[in-house]
Each structure stands twice: as C-alpha cells, then as structure tokens.
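I have placed the structure first, in the form of structure tokens, so that the comments after it can refer back to it.
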Amino acid sequence: MVARLSVREEVFPLKGAFRISRGARTEARLLVCEIEEDGAIGRGECTPYARYGETVEAVAQAIGAMGPSIAGGLGREGLQRAMKAGAARNAIDCALWDLEAKRAGKRVWELAGLPEPKPVITAYTLSVDTPEAMGAAAKEAADRPLLKLKLTGDGQDAERVAAVRANAPQARLIVDANEALTLAEVERIAPALAAARVELLEQPLHAEQDEALRGRQVPLPLGADESCHDTATLGRLQGLYQVVNIKLDKTGGLTEALRLKAAAERMGFRVMVGCMLATSLSMAPAHLVAQGAEFVDIDGPLLLAADREPGLRYEGSLVHPPEAELWG
C-alpha cells in the first residue's frame, strides 16, 4: 500500500493568557500530520512560530506538498535533505518515526538504539505579569521542583525574580528573556539573578545581536534558544553560551534533535530540551530527547485548558514516557 500523508489544523485553548516579551496568546494553533501505510498510522504535531517566519497556513501547505514524495517512499534521511529545519519537517519526521514503530511492533526508542526512557522532571512556566502577580503564581506552584519565569526588559525583571524566589524558596529557578534584553540590562540584572540562585538565563539578547556576549563574564550560565536551531548552528555558539535549548520545531524533528543533542554534548554544551505551546503529541518525542538533559521544559500540556486524549501522564512536574497509543 502506498503511504498517504494528510495534515489538519487543531486549536487548543489555554488555561489563561500566556505572555512573553513578544506578546500574549490564549490558544495554541497546531498542525497534525498523519501518514498511513498498510493499515498503520503515524502521527506528528508541530507549532508554526511567527518568530521564525512561519504561519499555520504556509506550514500546512509545506507539509501537504510532501505527500507525493512520501507516497514515493521518501524516508526520514531523505526528508532531512528535502526540507529545511522547522515546524513542517518536524511534523513529518515525527509521523515517520511513529509509523515505523507501529509497523515494526517496536518503540521508537528501540528503533533509535536508545535506552528505555524514564520519567523526567519538567519546568513549570510562569508567564509575564506584574511582580506581585508572578509572586502569587509562584506561591501556587511552590511545590514544583523547577520553575521557569519569563522576563521582558521593562525594568521590573529583578523585582519579578525576587517575588518568585520569595514565594517559592525551595524551587530551582530558570529565566527566559526571549531576546528582550540589551547587553547593559544583562550586566545590570545578572548579579541579582545569581543572588536569587537562578540557574540559567535563556536567550537574553536577540539572536542577531548575541555576538556581543563573546568574552563577557556573566555570573550565571547563558542558554541559546532562538540562536540554536540545528547542528549547523552550534559552532558559532561556542564562547557565547554554555547551554543550548533543543526544540523539535526548530530542529525539524526527532532525527535532527538527536543529532544536535549528541553534537552539543561532544562540544561541551549543557543541554536543555524545551517546547512550544502544544499537546502531549509534541511532548512525546521531546521526552526521548530529554533523557539525561540538565534542564527539561516540556510543560506545554500543563498550560492548556485540556490536553489531547490519550496524553502524557503528568504527576505534578514528573512526566512519564509516552504510551504507544499516543506516539512512538
């Protein structure tokens, strides 16, 4: 039977407005790719991201355009050459992994030669708000072992961090500026972050301006998110960042994400595995990449009003490996 590819949009409302430095969202607009062959169906999910010039419509078109190639037998390795890294390739790549596992009667981790995955602790993200509101949100989430808070560069970031730390004194903290800071702001706020025991400052400067970080002494580790997409982007990041954030919508799927992780570790980077606002279908392959990562941020489903069924099993911040019925 010839493999048939299909793609559809799905919309999942969020629990509330989710704010970062670039704006606010109240829903997650996702694309689900399905590839059917010999009665088995493989699925992959992606989140088109405007920051990278993606729209839901354009990504859906790019996925659909690969239908004839998939029908002609294009596999995962050929896909890496046929499409650029990004959301469209991610959805297809993850669907191909899922299809291969279902047809083989095995799990994706077996096909990839990986150890059986174990549960991981995910960060729980606090979206941008006033220091008082973020402190209150931290108090509600104070029992979670790892909190991630968003910064804006509006002059109140130190107060936000202080409020979160005061209300969640035992939690590990990481912060994400989403490119919102200047170098002067980084140098001003970094000592306060270190004093609050923040373990990571993620993407402080715009990706096109982060060369300014080279040679700077900052009292906490810096993480590359918008600056790190796939293996080809790693070389430039040495000397700028200590941590790289791997997201499948940036790498263009699990295939490249695993390569990026291995290359990053060889080059001495510490690894973070992150996510977009999405369902458990996106988190499932990311969970495989997250094995052994120092920082894990796959809390997307926790921010939705409702996840898809079946979804990943979350026990507080502990995320269990996916069942085969979901993915892989």
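- Within the 4.5 Å cutoff, the side chain of Val120 has heavy atoms near those of the Ile298 side chain.
- Under a hydrophobic-cluster definition in which Ile, Leu, Val, Met, Phe, Trp and Tyr are linked whenever side-chain heavy atoms come within less than 4.5 Å, directly or via other members, Met267 and Leu260 are assigned to the same cluster.
- Without hydrogens or angle criteria, Arg214 side chain to Gln238 main chain gives a donor-acceptor distance under 3.5 Å.
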What donor-acceptor contacts under 3.5 angstrom involve side-chain atoms of residues 273-288, with partners at least two apart or in another chain?
| unit_1 | atom_1 | unit_2 | atom_2 | d |
| --- | --- | --- | --- | --- |
| Thr279 | OG1 | Glu45 | OE1 | 2.6 |
| Thr279 | OG1 | Glu45 | OE2 | 3.1 |
| Thr279 | OG1 | Leu281 | N | 3.1 |
| Thr279 | OG1 | Arg308 | NE | 2.7 |
| Ser280 | OG | Asp307 | OD2 | 2.4 |
| Ser280 | OG | Leu312 | N | 2.8 |
| Ser282 | OG | Glu45 | OE2 | 2.7 |
| His287 | ND1 | Gln291 | NE2 | 3.4 |
| His287 | NE2 | Val319 | O | 3.0 |

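- A salt bridge between Arg29 and Glu57 is present, with a side-chain N of the basic residue lying under 4.0 Å from a carboxylate O of the acidic one.
- Under a hydrophobic clustering in which Ile, Leu, Val, Met, Phe, Trp and Tyr are joined whenever their side-chain heavy atoms come within less than 4.5 Å, directly or via other members, Tyr241 and Val186 fall into the same cluster.
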Worked check of salt bridge (Lys or Arg N to Asp or Glu O under 4.0 Å) between Glu211 and Arg236: CA-CA 9 Å; Glu211 189 63 31; Arg236 190 186 71 83; 3.7 Å; yes
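- A side-chain donor from one of Asp93 and Gln80 sits under 3.5 Å from a side-chain acceptor of the other.
- Glu77 has a carboxylate O that lies under 4.0 Å from a charged side-chain N of Arg259, or vice versa, which qualifies the two as a salt bridge.
- Distance check, rounded to the nearest 0.5 Å: CE of Met272 to NZ of Lys261 gives 14.0 Å.
- At least one donor-acceptor pair closer than 3.5 Å links the side chain of Glu179 to the backbone N or O of Ala207.
- Counting only heavy atoms from C-beta outward, the side chains of Ser227 and Leu240 never approach each other to under 4.5 Å.
- Neither side chain, Asp249 nor Tyr52, offers a donor N or O lying under 3.5 Å from an acceptor on the other.
- When the side chains of ILVMFWY residues are joined at heavy-atom separations under 4.5 Å, either directly or via intervening members, Tyr314 and Leu147 end up in a single hydrophobic cluster.
- Put simply, the side chain of Thr152 reaches to within 4.5 Å of the side chain of Arg160, judged on heavy atoms.
- Here the side chains of Arg89 and Glu256 are in contact, with some heavy-atom distance below 4.5 Å.
- Atom CD of Glu323 is surrounded by 12 or fewer heavy atoms from other residues, nucleotides or ligands within 6.0 Å.
- No side-chain heavy atom of Asn90 sits under 4.5 Å from any side-chain heavy atom of Thr251.
- Note that OH of Tyr124 and CG of Leu149 are 13.0 Å apart. Values are rounded to the nearest 0.5 Å.
- Listed for the Trp327 side chain is a donor-acceptor partner under 3.5 Å among the backbone atoms of Arg43.
- When the shell of 6.0 Å around CD of Glu325 is examined, it contains 12 or fewer heavy atoms from other residues, nucleotides or ligands.
- Between the side chain of Lys148 and the backbone N or O of Asp176 there is no donor-acceptor pair closer than 3.5 Å.
- At a threshold of 4.0 Å, the pair Glu110-Arg107 does not count as salt-bridged, since none of the basic side-chain nitrogens sits closer than that to a carboxylate oxygen.
- Annotation for Ala40 and Arg103: closest pair CB-CG, 3.9 Å, computed over non-hydrogen atoms.
- Atom CZ of Arg197 sits about 13.5 Å away from atom CG of Leu220, to the nearest 0.5 Å.
- Donor-acceptor pairing under 3.5 Å is lacking for the side chains of Gln156 and Thr130.
- Atom CD of Glu34 is separated from atom OG of Ser6 by 5.0 Å, given to the nearest 0.5 angstrom.
- A pairwise comparison of heavy atoms in Val296 and Ile121 identifies CB-O, 3.4 Å as the closest pair.
- No path of Ile, Leu, Val, Met, Phe, Trp and Tyr side chains, each step under 4.5 Å between heavy atoms, connects Leu146 with Val175, placing them in separate hydrophobic clusters.
- Side-chain heavy atoms closer than 4.5 Å link hydrophobic residues (I, L, V, M, F, W, Y) into clusters, and following such links, possibly through other members, connects Val271 to Leu114.
- Counting all heavy atoms, side chain and backbone alike, Glu54 lies closest to Pro48 at OE1-CA, 3.5 Å.
- Residues Asp210 and Leu205 come closest through the heavy atom pair CA-CD1, 4.1 Å.
- Hydrophobic clustering, defined by side-chain heavy atoms of Ile, Leu, Val, Met, Phe, Trp and Tyr closer than 4.5 Å, groups Val56 together with Leu5, Val7, Leu31, Ile35, Val59, Ile63, Met66, Ile70, Leu74, Leu79, Met83, Ile92, Leu96, Leu99.
- The environment of Lys15 atom NZ is dense: over 12 non-hydrogen atoms of other residues, nucleotides or ligands sit within 6.0 angstrom.
- When all heavy atoms of Cys33 and Ala95 are compared, the closest pair comes out as O-CB, 3.9 Å.
- For the residue pair Thr122/Asp299, the side-chain donor-acceptor check at 3.5 Å is not satisfied.
- Using a 4.5 Å heavy-atom threshold, the side chains of Leu14 and Thr26 count as separate.
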Test log, rule side-chain contact (heavy atoms from CB on, under 4.5 Å), inputs Arg216 and Leu183: CA-CA 10 Å; Arg216 299 284 176 171; Leu183 182 61; 3.5 Å; yes
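- Gly328 approaches Lys102 most closely through the heavy-atom pair N-NZ, 4.3 Å.
- With hydrogens and angles ignored, the 3.5 Å screen pairs no side-chain donor or acceptor of Arg165 with any backbone N or O of Val198.
- Here Leu237 contributes atom CG and Leu222 contributes atom CG; the two are 11.5 Å apart, rounded to the nearest 0.5 Å.
- When Asp297, Asp230, Asp225 are each tested for a salt bridge (charged side-chain N to carboxylate O under 4.0 Å, His left out) with Lys247, only one passes: Asp225.
- No side-chain heavy atom of Ile189 sits under 4.5 Å from any side-chain heavy atom of Pro204.
- In this structure, Val108 and Asp98 have side chains that are not in contact, with every pair of non-hydrogen atoms separated by 4.5 Å or more.
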Pair Phe295-Arg270, side-chain contact (heavy atoms from CB on, under 4.5 Å): steps then yes or no: CA-CA 9 Å; Phe295 302 100; Arg270 298 154 69 184; 4.1 Å; yes
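- The distance from atom CD of Gln209 to atom CG of Leu181, rounded to the nearest 0.5 Å, is 11.0 Å.
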